[in-house]
Amino acid sequence: MAEPIIQVRDVHKSFGRVRALRGVSFDVYRGEVVVIIGPSGSGKSTLLRCINHLEKPDAGTIIVDGIPVDDERTNINKVRAEVGMVFQSFNLFPHLTALENVMLAQRVVRKRSAEEAERIAREELAKVGIPEKADSYPSQLSGGQQQRVAIARALAMQPKIMLFDEPTSALDPEMIKEVLDVMLQLAREGMTMVVVSHEMGFVRAAADRILFMDEGQIIEETTPELLFTAPKHERTKQFLSKILH
Amino acid sequence: MEKTARSDVAEKAWPEEVKPKGFSRLAAVDTWWVLVVAVLVLIVGLVQGKPKPFGEIFTFLSDGILVTLRLTVVAFAFILLVGMFGGLGRLSGNPLIKGLASLYVEVIRGIPLLVQLLFIWFALPQVLGNVGNALMGSVPSLGQWLVNLKLSPFAAAVLGFTICYGAYMSEIFRAGIQSIHKGQMEAARSLGMTYVQAMRYVILPQAVRVILPPVGNEFVSLLKDSSLVSVLAVPDLTRRGREYMARTFLSFETWAMVALIYLVLTLTFTRIVAYIERRWSVGR
């Protein structure tokens, strides 16, 4: 098997006295969809945020596409430009239109011309299914539409990896599907994805591997088939029984 | 956040539950016009109706009005610059920069504006002269420049206001930047933007909308506080008033005219600020 695109080795991270991560290691290979599940407070989001260095690990190493992200000499902005991230709360820029949201980083980070950035932005907005909302401001969009613009904004950078941090948790039920459909399409196109989510429909349809986290550690690594039919760990069973009513 | 940025005078002046609707709301907006028109009519009436002394006073004061306006606008441009960098400095992760910015803000806010102006006008040349003499041995060109440096009263006034108001403006910028949700910075950085790019394209454009009302207030305060420069021999509106009174002893007529002119200016600028606020919040 080829070199993994993400290598996480023995990562620790504490916030004050709270030990969010205690020795986490895993690999992600090109084109894989890895879903991280687990109870709240288990360190899923912290782990994801360590991958693009929004959180600085206390110990351990993380290598993304051959580059150690917590090395002093690494230009973290170069790494982040290749790693798209989608947040639970969308975090669109409210003073810019949807189109401008998708264009901004292309212009200032990728240094693309206005014409090229706009062309790509319109393509990505069409891909997530809302080309007609290009000139709307985020406040004029529904939650599902905002999240799709946020995905388009990340995709316009043509990243090698996409990170999703509970992308549907802040959405009303009727909007969850439109976001998951976009994510499923991305997965089918072969995008490398690391997803924190409890959407079991998405897990079943798209996940190559599942990491179950509890109390800052990965306690079970499994596949969708095995997760639902034969969870190994007692805590995994308990967790599943709670979310699969 | 959009809610706070959207402020219109009529909405601000009334508590939510008694906010006038429709026709009465129109009336609330109109009080401003009534007031401005009344003050203008009063000024014109006095100048036309009693040219002696009011017409004479107005003519004498008119170049002072221009000095006051020029001083306020020039100083405000510098104040905005200092405020932006001061505010960013107070939020810096670098302890040295943060410490210096905090020291500046705390010290300057603790000293009265008038005392600062007097210090810059009377004491600063002496300080600079001494520093210049001390540097004569090591860096003669810089030393000579400092000894010969002579600030005009106008430049000293701009410097004084920039230092003093810059400290208050730093706090306004700091609060404005802090009011932007931290997810905005994270989203910008996660796209590969540097800290400076994220500030410039994402955080500051939003913060500016939030801080527009207090910044507008500062402008109007500065316009009024600019009257303090009359002690530095800057021929502003207040200084011209003092000169005219010293010549004629017409205290009431002179100071009434000065007060009315300030009132028209502040009412007008308050209105302009409210207009800009409304324009900026459209569609956002």
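Labels below follow one simple rule: chain letters A, B, ... track the order of the sequence lines, proteins then strands, and each chain is numbered from 1.
- With A:Asn91 contributing its side chain and B:Gly183 its backbone, the two residues share a donor-acceptor pair below 3.5 Å.
- Inter-residue side-chain proximity for A:Asn52 and B:Arg189 is flagged as unmet; no heavy-atom pair is nearer than 4.5 Å.
- At most 12 non-hydrogen atoms from other residues, nucleotides or ligands lie less than 6.0 angstrom from CZ of B:Phe78.
- Both the backbone and the side chain of A:Phe93 come within contact range of chain B, each with at least one heavy atom under 4.5 Å from a heavy atom of that chain.
- At a 4.5 Å heavy-atom cutoff, the contact between A:Val83 and chain B is made by backbone atoms alone.
- Of the atoms belonging to B:Gln197, it is side-chain heavy atoms, and not backbone ones, that fall under 4.5 Å from chain A.
- Shown here is B:Arg109, whose CZ atom has more than 12 heavy atoms of other residues, nucleotides or ligands within 6.0 Å.
- For the atom pair NE2 (A:His95) and CD (B:Gln184), the distance works out to 7.5 Å, reported to the nearest 0.5 Å.
- Two residues are said to be in side-chain contact when any heavy atoms from C-beta on lie closer than 4.5 Å; A:Val108 and B:Thr194 fail this criterion.
- Residue B:Phe85 places its CZ atom among 12 or fewer non-hydrogen atoms of other residues, nucleotides or ligands, all under 6.0 Å distant.
- Contacts between residues 154-164 of chain A and chain B, defined by a heavy-atom separation under 4.5 Å, are made by A:Ala154, A:Met157.
- In this structure A:Gln7 satisfies the side-chain hydrogen bond (donor to acceptor under 3.5 Å, both in side chains) test with no other residue, sequence neighbours excluded.
- Annotation: B:Tyr275, atom OH; neighbour count of heavy atoms from other residues, nucleotides and ligands within 6.0 Å does not exceed 12.
- Contact of A:Arg153 with chain B is made through backbone and side chain together, with heavy-atom distances under 4.5 Å.
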